[in-house]
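These values consider heavy atoms only, across backbone and side chains, with no hydrogens, waters or symmetry-generated copies. Below, chain A is the first sequence line, B the second, and so on; all start at residue 1.
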Amino acid sequence: MDLADLQQYCAIPGCDFMQMLKRIVQPLIIEALSSMGVEQMPVEKMLQASRELDQGDLALPCFPFAKRLGMAPAEIAEQLAQHVADHPAIGEVSGVNGYLNIRANPKWIVEQLIEFGTQGSHPSPNRSVLIEHTSANPNGPFHVGRARNAILGDTLVRLHRLFGNNVTAEYYVDDMGKQVAVLAWALEHLSAEDVEAQLIGREPVNPSWKGKADHERVRWYQAAQALRQEKEGAEEIEKKIGFMVHASENGDEAVLASFQAAYQPVLEGMLSTLGRLGINFDRFTKESIFVTNGDVGRLMERLQSLEINGEADNGAQFLDLGARGLKGKTEFFYQRGDGSSLYATRDIAYHMWKWTQGGDLINVLGEDHKLQAKQVGMTLEELGEKRPEVVFYSFIKLPEGKMSTRRGNVVFMDDLLEEAKEQAAVVVRELRPHYDEEKISTIAEAVGTSAVRFNIIKVSPEKGFTFRWEDALTFEAGSAPFIMYSHTRACSIRKRVETEVAPIENILNGEIETQEHFSDGLITLLRVLAVHQDCVEKAVNDHRPHLFAEHMLHLANAYNAFYRDCHILTDGEVDKFYLWVSELARGIMKDGMEGLGLIAIEEM
RNA sequence: GGGCGUGUAGCACAGCUGGAUAAUGCACCGGCCUCCUAAGCCGGAGAUCGCGGGUUCGAAUCCUGCCACGCCCGCCA
């Protein structure tokens, strides 16, 4: 196979280096097998990335051939190794323990990296996606319990962008529910004194957040919630709030305006917290617009004409989704007896609108929304629309139990970030006593926020997560600072080469000559670089960012091995090839960190 | 009761489209700064993969039963 063939393989979407190698090796193995008398085996499926990296890059288990050949698998593997033809891409072929192991020729990997970069000639997918995430009710400060949605969602946004997709990050603002009504009622009816009287015994607002509306106004919300629990007066309050909710659901402009006045500053406070984590949105869509613009009304009419529609005694409308295979409680109510809409109904209208925006839809939701999401999805299909893709996650809880804004047992993200920064600053001061306070502050902020994000994104979303301060504030291997540190090493080398030798561009222009000798650290790094794009793709397509987080840990670790084995700058002399590898890795680390929302500082 | 999810070393966590000695970090033990930032590197010890059956040449992975934990099963949002 010559270069032209290789390029052809590279033009296949989703083709990374391991797949290229596989495509090269596969026919050679089929040939070798047939020379041994084995035909028509699904080699493509059997040939896999090796688990034992010491043994090779690709492995073919030979056990299934044993019966046909009447030989021991170990023997087959060994013989097969003899029969596989040479190829420049293949470094070594061996038969061990019944496995045929194929090692890529590091020189070949380097040639591919030089020719194509880590992305190969991978065409940018350029798919449009609308990712809706967070969408937390604007009734109080962002707490750690809500953070998983935001961090997961934002990382998905970033990874899609890294992959080349066109992303809109959207926040669906719940501006008409009971929670907002409670907030609006409280702000209108309670004085600051009333609120504090109600919240005696609870922690006061952290002085650091005085004047931040989310922290201030949540007190009103909590006071109102407490009042609603009381024996006296609760009924009256409930009536008023019910009236407001009702009015909002019927699209009452004045009530909606009062809601907005109540929640907007809170929302802005939450967004500033998210901004500190690098989380931003392209668009905010208010739930109420689908009521006021008539979409919800039209939707309910359409739903009523469906054959699975049913009506309760009081006139409430539902769909019998049992007829479409839903188990358990099959009645899905979308309209109250009084004709008003429900949250899910508005959500359906919202999704129909989202589909008109011209992109695939991805939602990030807590596991408590699973049933609801299923009902919404089934209804959308019933209407001839597509279902959105949904990424679910388990809740973050505290060691002492579930978090709740209402009850006030929460860890605020603002406090966590402040604490993270402080802890990081302690470490920087200790490790780099010569840095001035301004520099320490910049580094500590980057390290603190990155560590918080990474701590949450590195575990798979369906796994329950217990928040622990000591885990969130770990800055060692396995954390964001570990990745950041490897990157600063690469930056540091770059800086030294530039100041002590010459501008990098001058050194790296012209041919890069590969070396004949490849040390362990170099090979380790090349291998990780070779699978990078594949990791991005997998994380994006499977909605599993934690896989990419783990890959970045591997990359940082591999860079450290390379750093150990391959000295770039020795006595004022630059090893051009090593510098090229280092610069390639530096760029990939930087992009990858961007994809995870980690801040790629150059010194720490 | 029904649906969905989770259960892997002392702790945390990966692997789950079946394949080798179950990966990684913390904690623990030992080694490495006259050498590009030691937030690092190298080595060691530590696992009946919740429990029982089944399918298979081969099971943490698939099927099945059981146990434990979480979430959901509102004309709430």
Side-chain angles (χ1 to χ4, degrees), chain A residues 45-46 48 50-55 59-64 66-67 73 96-99 101 137 174 176-181 245 287 312-318 326-331 333-338 340 342-344 346-347 366-372 374 392 394-395 397 402 424 427-428 430-432 447 451 458-460 462-466 468 470-471 474-486 488-497 500 521 546-547 549-550 553-554 556-557 560-561 563-571 574 578-579 582 603-604:
Chain A
K45 233 187 137 187
M46 291 163 65
Q48 58 201 304
S50 185
R51 294 222 169 161
E52 306 295 310
L53 272 185
D54 309 340
Q55 300 289 350
L60 180 81
C62 296
F63 309 95
K67 213 174 255 177
V96 181
N97 295 341
Y99 288 84
N101 291 312
N137 286 324
D174 185 356
M176 54 189 307
K178 192 169 269 177
Q179 303 210 35
V180 197
V245 172
E287 186 180 341
D313 295 342
N314 66 349
Q317 304 292 318
F318 63 86
L326 186 71
K327 288 178 201 158
K329 186 187 181 273
T330 62
E331 292 171 351
F333 280 88
Y334 62 86
Q335 190 179 104
R336 291 197 186 92
D338 65 9
S340 62
L342 289 138
Y343 174 80
R346 286 166 241 142
D347 203 26
E367 60 180 342
D368 56 336
H369 281 68
K370 274 186 180 175
L371 176 60
Q372 173 109 83
K374 194 166 195 170
F392 293 105
S394 273
F395 290 117
K397 57 181 196 297
K402 209 173 154 183
V427 175
V428 184
E430 192 183 312
L431 263 27
R432 314 276 181 258
V447 167
K458 73 176 177 187
V459 325
S460 46
E462 64 274 15
K463 200 90 117 188
F465 190 105
T466 303
R468 290 185 188 85
E470 60 270 33
D471 293 343
T474 292
F475 303 140
E476 293 164 305
S479 70
F482 174 80
I483 299 168
M484 297 165 77
Y485 184 71
S486 295
T488 61
R489 280 179 148 178
C491 290
S492 168
I493 290 170
R494 179 189 173 82
K495 226 172 282 172
R496 285 191 68 141
V497 169
E500 293 176 25
H546 73 283
L547 297 177
E550 186 163 84
L553 246 18
H554 287 150
N557 192 249
N560 287 337
Y563 181 89
R564 175 195 68 213
D565 288 348
C566 306
H567 275 240
I568 292 164
L569 191 58
T570 325
D571 303 325
V574 173
Y578 288 165
L579 177 63
S582 179
E603 278 182 295
M604 63 186 278

Would you indicate, yes or no, if rC16(B) has its OP1 or OP2 atom less than 4.0 angstrom from a side-chain nitrogen or oxygen of Arg51(A)? no
Is there a side-chain contact between Ser460(A) and the phosphate of rA14(B), meaning an N or O under 4.0 Å from OP1 or OP2? yes
Sort out the partner of rC49(B) for me: Watson-Crick or G-U wobble, both distances under 3.5 Å, none otherwise. none
Under 4.0 Å: is that the gap between some side-chain N or O of Arg564(A) and OP1 or OP2 of rC35(B)? no
Over all strands shown, is Met176(A) touching base, sugar-phosphate only, or nothing at heavy-atom distances under 4.0 angstrom? nothing
rG15(B) phosphate, OP1 or OP2, under 4.0 Å from His546(A) side-chain N/O: yes
Using Watson-Crick or G-U wobble geometry with both distances below 3.5 Å, tell me the partner of rC69(B), or none. rG5(B)
Evaluate the side-chain proximity of Glu603(A) to Arg432(A): yes if any heavy-atom separation is below 4.5 Å, no if none is. no
Distance test, side-chain N/O of Arg468(A) to OP1/OP2 of rC11(B), below 4.0 Å: no
Please check the phosphate of rC4(B) (OP1 and OP2 only) for any side-chain N or O of Lys370(A) closer than 4.0 Å. no
Using a cut-off of 4.0 Å on non-hydrogen atoms, how would the nucleic acid contact of Cys491(A) be classed: base, sugar-phosphate, or nothing? nothing
Taking pairing as Watson-Crick or G-U wobble with both contacts under 3.5 Å, can you name the mate of rC41(B), or confirm there isn't one? rG31(B)
With respect to the phosphate group of rA14(B), does any side-chain polar atom (N or O) of Lys463(A) fall under 4.0 Å of OP1 or OP2? yes
